[in-house]
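Everything numeric in this text was worked out from a predicted model, so none of it was measured. Computed from heavy atoms alone, side chains included, the values below leave out hydrogens, waters and symmetry copies. Positions are given from 1 along the sequence.
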Amino acid sequence: MVLSNIRQLLITMALISNFSFATEIDLVRYVESKKYPDLKQSYFVDLLTLALEVSKSRYGDYKLQPVNIEMAQARTSMMLQREEYIDLTWRMTSQTLENKLQAIYFPILKGLMGYRIFIIPKNKQHLFNKKTSLADLKKIDLGQGHNWADSDILLANNFQVVKGNDVSLIKMLKKGRFSYFPRALHEPWLEISDDEGLTVEKYLMLQYPAPTFFFVNKHNERLQQRLSFGLALLLESGQFEQFFLNHRITSGILSKANVNNRTSFPLRNPLLSDKTKALLTDERLWIKLK
């Protein structure tokens with residue numbers, strides 16, 4: 001079972017060989033958009049930095065380098081697969097993605113991406129209430145991104161999905177192309193903070209297992225091992241839990257989203273690999289709603 005015994009992983013990594021990795025500086029490049037800056041990206045960069053920092057005693061120094069290239073998620077993954085421009089990305093996982101790239105099997109957002117509340121136009125709250133059923137929701141058009149795993153998950157659960165480019169979805173919602181835009185618990189407020197016509201729906205939530213992983217090229221064994229080692233250290237020491245609870249992007253998000261007073265509809269995720277499913281039983285890796 002992947003990560004079923006973190007202590008064994010640490011022991012194994014320590015005993016692989018007596019070779020010192022400290023003589024090499026690891027360059028870790030990732031995409032950072034200037035045209036469409038995303039404040040939520042700070043969570044991933046900060047966690048990445050922490051994982052690299054705690055692994056310095058074994059792997060030595062590192063250099064984080066943002067690469068200013070405008071590209072969608074699918075393009076980013078393609079560049080990583082080709083070993084061009086970048087060394088790492090982060091995405092919600094799927095079996096298809098894991099076949100192409102090397103996943104670091106550690107859910108870096110504690111499954112937060114699988115808890116979905118809705119951005120809606122303020123004049124459409126009447127479509128959603130405490131009596132709204134799952135069958136009712138499936139009759140209402142929703143918006144999701146091209147090449148997002150969420151789109152495939154929702155289609156597999158028989159929702160009416162209108163696809164668009166990720167940077168255009170808010171505009172499409174405002175133009176009436178669809179009626180609601182499911183977002184992870186920590187996402188809506190930042191995305192509509194300057195838009196008086198949109199709001200966060202009050203009563204409902206979708207829920208499905210949706211780990212987000214760091215991904216590297218399949219040939220980059222060193223970075224894969226280093227990040228696995230660093231994240232395992234953070235988990236064992238309790239630093240990962242404290243990071244998640246206190247980071248400005250995720251701090252207090254369960255209360256802000258009022259999750260315990262929402263009707264939650266569990267959905268299946270048919271995209272998960274066996275390795276990813278094996279993580280679901282380790283309670284330390286996932287958020288707890290209560």
Query - Evaluation steps, salt bridge (charged side-chain N to carboxylate O under 4.0 Å, His left out), between Lys110 and Glu241 - result: CA-CA 9 Å; Lys110 293 177 72 70; Glu241 182 70 14; 2.9 Å; yes
Report task. Check whether any side-chain N or O of Gln144 sits under 3.5 Å from a backbone N or O of Pro182 as a donor-acceptor pair, and report yes or no. Result -> yes
Report task. For the pair Arg183 (side chain) and Val200 (backbone), establish whether a donor and an acceptor sit closer than 3.5 Å, ignoring hydrogens and angles. Result -> no
Report task. May I ask whether Phe215 and Leu27 are part of the same hydrophobic cluster, defined by side-chain heavy atoms of I, L, V, M, F, W, Y residues being less than 4.5 angstrom apart, directly or through others? Result -> no
Query raised in the report: Between Asp141 and Ser179, is there a donor-acceptor pair closer than 3.5 Å when you use the side chain of the first and the backbone of the second?
Result: no
Query - Whether Phe128 and Tyr180 hold their rings parallel, tilted or perpendicular, with breakpoints at 30° and 60° - result: perpendicular
Query - Whether Tyr105 and Phe213 hold their rings parallel, tilted or perpendicular, with breakpoints at 30° and 60° - result: perpendicular
Requested in this report: Check whether any side-chain heavy atom of Lys163 lies under 4.5 Å from a side-chain heavy atom of Trp148, and answer yes or no.
Outcome: no
Query raised in the report: Does Lys288 pair with Glu283 as a salt bridge, N-O distance under 4.0 Å?
Result: no
Report task. Measure from the side-chain N and O atoms of Arg262 to the backbone N and O of Ala257, and report whether any donor-acceptor pair falls under 3.5 Å. Result -> yes
Report task. Measure from the side-chain N and O atoms of Lys40 to the backbone N and O of Ile249, and report whether any donor-acceptor pair falls under 3.5 Å. Result -> no
**Report entry** Donor-acceptor pair between Asn99 and Thr96 side chains, under 3.5 angstrom
**Finding:** no
Query raised in the report: What residues form a ring-ring contact (aromatic ring centres under 6.0 Å, His included) with Tyr208, not counting sequence neighbours?
Result: none
Query raised in the report: When you measure from the side chain of Ser151 to the backbone N and O of Gly145, does any donor-acceptor pair fall under 3.5 Å?
Result: yes
**Report entry** Asn129 side-chain N/O to Lys131 backbone N/O, donor-acceptor pair under 3.5 Å
**Finding:** yes
Report task. Can you measure from CD (Glu84) to CE (Met79) and round to the nearest 0.5 angstrom? Result -> 4.5 Å
Query raised in the report: Of the options Lys56, Lys63, Arg226, which is the one that meets Asp26 in a side chain to side chain donor-acceptor pair (under 3.5 Å)?
Result: Arg226
Query raised in the report: Under 3.5 Å, is there a donor-acceptor pair between the side chain of Tyr62 and the main chain of Ser55?
Result: no
**Report entry** Sole residue of Gln224, Arg222, Lys218 in side chain to side chain contact (heavy atoms under 4.5 Å, CB included) with Asn220
**Finding:** Arg222
Requested in this report: For the pair Ser251 (side chain) and Arg248 (backbone), establish whether a donor and an acceptor sit closer than 3.5 Å, ignoring hydrogens and angles.
Outcome: no
Query raised in the report: Phe106 and ring-ring contact (aromatic ring centres under 6.0 Å, His included): which partner among Phe214, Phe229, Phe240?
Result: Phe240
Requested in this report: Check whether any side-chain heavy atom of Leu127 sits under 4.5 Å from a side-chain heavy atom of Asp136, and report yes or no.
Outcome: no
Query raised in the report: Just by distance, do the side chain of Lys138 and the backbone of Asn157 share a donor-acceptor pair under 3.5 Å?
Result: yes
Report summary line: From the list Asn258, Ile253, Thr250, Leu109, side chain to side chain contact (heavy atoms under 4.5 Å, CB included) with Leu185 holds only for Ile253
Report task. Kindly state each residue pair satisfying ring pair (Phe, Tyr, Trp, His ring centres under 6.0 Å) with at least one member in residues 81-100, sequence neighbours excluded. Result -> Tyr30-Trp90, Phe44-Trp90
Query raised in the report: Salt bridge check: are Lys124 and Glu201 linked by an N-O gap of less than 4.0 Å?
Result: no
Query raised in the report: Can a salt bridge be assigned to the pair Lys275 and Glu98 using a cut-off of 4.0 Å between side-chain N and carboxylate O?
Result: no
Requested in this report: Identify the two heavy atoms, one from Met113 and one from Ala184, that lie closest to each other, and give their separation to 0.1 Å.
Outcome: SD-CB, 3.6 Å
